[in-house]
Amino acid sequence: MTAQSQIPSRVRFVMRAAWVFRHWLLIWLTMFTIFNLLPYLAPVLMWAGLDPLAEAIYSLYGLIGHQMAHRSYFFFGDSVVYSLDELPVRLAGDFILDSTVLRNFIGDEQFGWKVAWSDRLVALFGSALITSFVYAFLRQRDNFSPMKIGWMLISCAPLVIDGTTHYISDFEGVTGGFRWDNAWLASLTANAFPESFYVGADWGSFNSIARLVTGILFGIGLWSWGLGRADTYFDRNATLLEARIDGWRERQHLAGSDK
C-alpha cells in the first residue's frame, strides 16, 4: 500500500480543502478571467459561423445584464457602437417591448455582432478583473492594506445612483424619461455642452460616460474591498485546516514510534 492510500478519506478531504483555501486567489483569477473572456468570444463565434455556441453565451450572460444593442460594443461591423437611429430596429415607445427588441438584436454581417454584455458591465467586470490581478501583486507587500469599507461604499455609490435613476426613468420608455434628455443636467451646466452630450445614450454622451465611469469605480471599489475580506477568510481557514493536518501527522508519527 502507498502512503497516500493509507491516509483516511476524511483527512484527504481536509488536505484538499486546505489547498483550495491556500490557493483561492489563483483559482479565482483563473475562473474570473474565463468569465470575463466569454462575452467577447460570443461575437467571434458568430463571425466564425458557430451560432449555437455563441447563442448559448448570449443566453447565459443575458441573465446578468440587459444586452441592449445601443448600449453595447460590436465586433466585425461598420462601427464599434451604434445609436438607436443607426440600428435596424423599430421601437414601439414601450420600454418592455423596446428593450426586448434591442436585447434580441445580436447583430449581422453588416453591423457585426455585439459583446454579450453591456458597455457598463464591460467597464465594471473589466476593472474588477484588472483589480484582481493588481491585488494579487500588491498583497505580497508587507505594508499592503485592502480598501476600507468606507471608500468601497463611496466608489460604489455613483453606480447605484446612476442605475437607480436610469431604472426609474426607463418607465417612460427607452427614449423617454429624465435620464434620456437630461434636461436637469443642461440646466445645472447652463447648456455649456452640445445637445448631443445631454440627450440619448450615444458614445460620448453624458449617459455613456456615466455608465463607463460608474462601472469602473464600482469594479475597483467592490473588488478591492471584497478580495481583502476573502483573503482574510481563506487564510484563517487554511491555517486552521493545516494545523489539523499537522496534528494528525504528529499523532501518526507518535503511533508509529510506539510500535
Side-chain angles (χ1 to χ4, degrees), residues 27-84 86-89 91 95-133 155-156 158-160 162-164 166-167 169-170 174 179 201-203 207-224 226-227 230:
I27 297 171
W28 164 257
L29 289 174
T30 302
M31 296 178 63
F32 198 45
T33 298
I34 295 172
F35 174 79
N36 266 270
L37 290 178
L38 285 178
Y40 302 95
L41 181 61
V44 176
L45 292 173
M46 291 295 296
W47 172 78
L50 302 174
D51 296 15
L53 290 176
E55 290 167 358
I57 295 175
Y58 284 118
S59 297
L60 176 62
Y61 283 82
L63 301 174
I64 302 174
H66 55 68
Q67 295 181 338
M68 288 193 287
H70 70 304
R71 300 180 188 174
S72 299
Y73 299 119
F74 283 73
F75 290 173
F76 310 113
D78 296 334
S79 178
V80 177
V81 292
Y82 296 99
S83 67
L84 284 175
E86 295 172 323
L87 291 168
V89 297
L91 303 183
F95 176 73
I96 300 298
L97 295 176
D98 292 345
S99 62
T100 301
V101 169
L102 290 166
R103 177 191 181 98
N104 290 341
F105 180 71
I106 294 176
D108 55 31
E109 293 183 356
Q110 176 185 347
F111 289 89
W113 292 272
K114 66 183 179 183
V115 177
W117 54 25
S118 68
D119 53 0
R120 188 197 297 276
L121 293 188
V122 166
L124 192 161
F125 286 110
S127 63
L129 180 62
I130 294 173
T131 299
S132 297
F133 279 97
S155 60
C156 291
L159 185 144
V160 175
D162 187 61
T164 301
H166 260 298
Y167 178 77
S169 176
D170 283 343
V174 172
R179 284 305 307 272
D202 296 350
W203 179 252
N207 284 334
S208 69
I209 295 172
R211 290 196 301 273
L212 177 66
V213 173
T214 59
I216 291 174
L217 289 175
F218 190 94
I220 294 174
L222 185 61
W223 266 257
S224 294
L227 290 171

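Computed over heavy atoms, backbone and side chain alike; hydrogens, waters and symmetry mates excluded.
The two residues S127 and G215 have their closest heavy-atom pair at OG-O, 3.6 Å. Closest approach of I57 to L38, counting heavy atoms only: CG2-O, 3.5 Å. The shortest heavy-atom contact between F74 and F111 is CD2-O, 3.5 Å. Scanning both residues, Y82 and Q110, for their nearest heavy atoms gives OH-O, 4.1 Å. Scanning both residues, A116 and Q67, for their nearest heavy atoms gives O-NE2, 2.5 Å. Between R103 and G62, the shortest heavy-atom contact is NH2-O, 2.7 Å.
Formation of a donor-acceptor pair under 3.5 Å by the S208 side chain with backbone atoms of A201 is not found in this model. Judged purely by atom type and a 3.5 angstrom limit, S99 uses its side chain to pair as donor or acceptor with the backbone of I96. When atom types are taken as modelled, the side chain of N207 and the backbone of R179 share a donor-acceptor pair closer than 3.5 angstrom. Listed for the K114 side chain is a donor-acceptor partner under 3.5 Å among the backbone atoms of F105.
In this structure, L29 CG and T33 OG1 are separated by 6.0 Å, a value rounded to the nearest 0.5 Å.
Every residue two or more places apart in sequence or in another chain that forms a side-chain contact (heavy atoms from CB on, under 4.5 Å) with T214 is listed here: R120, P158, L159, D162. Shown here are the side-chain contact (heavy atoms from CB on, under 4.5 Å) partners of D170, two or more places apart in sequence or in another chain: R71, F95.
Ring orientation note: the planes of W117 and F35 are nearly perpendicular, at an angle over 60° on the 30°/60° scale.
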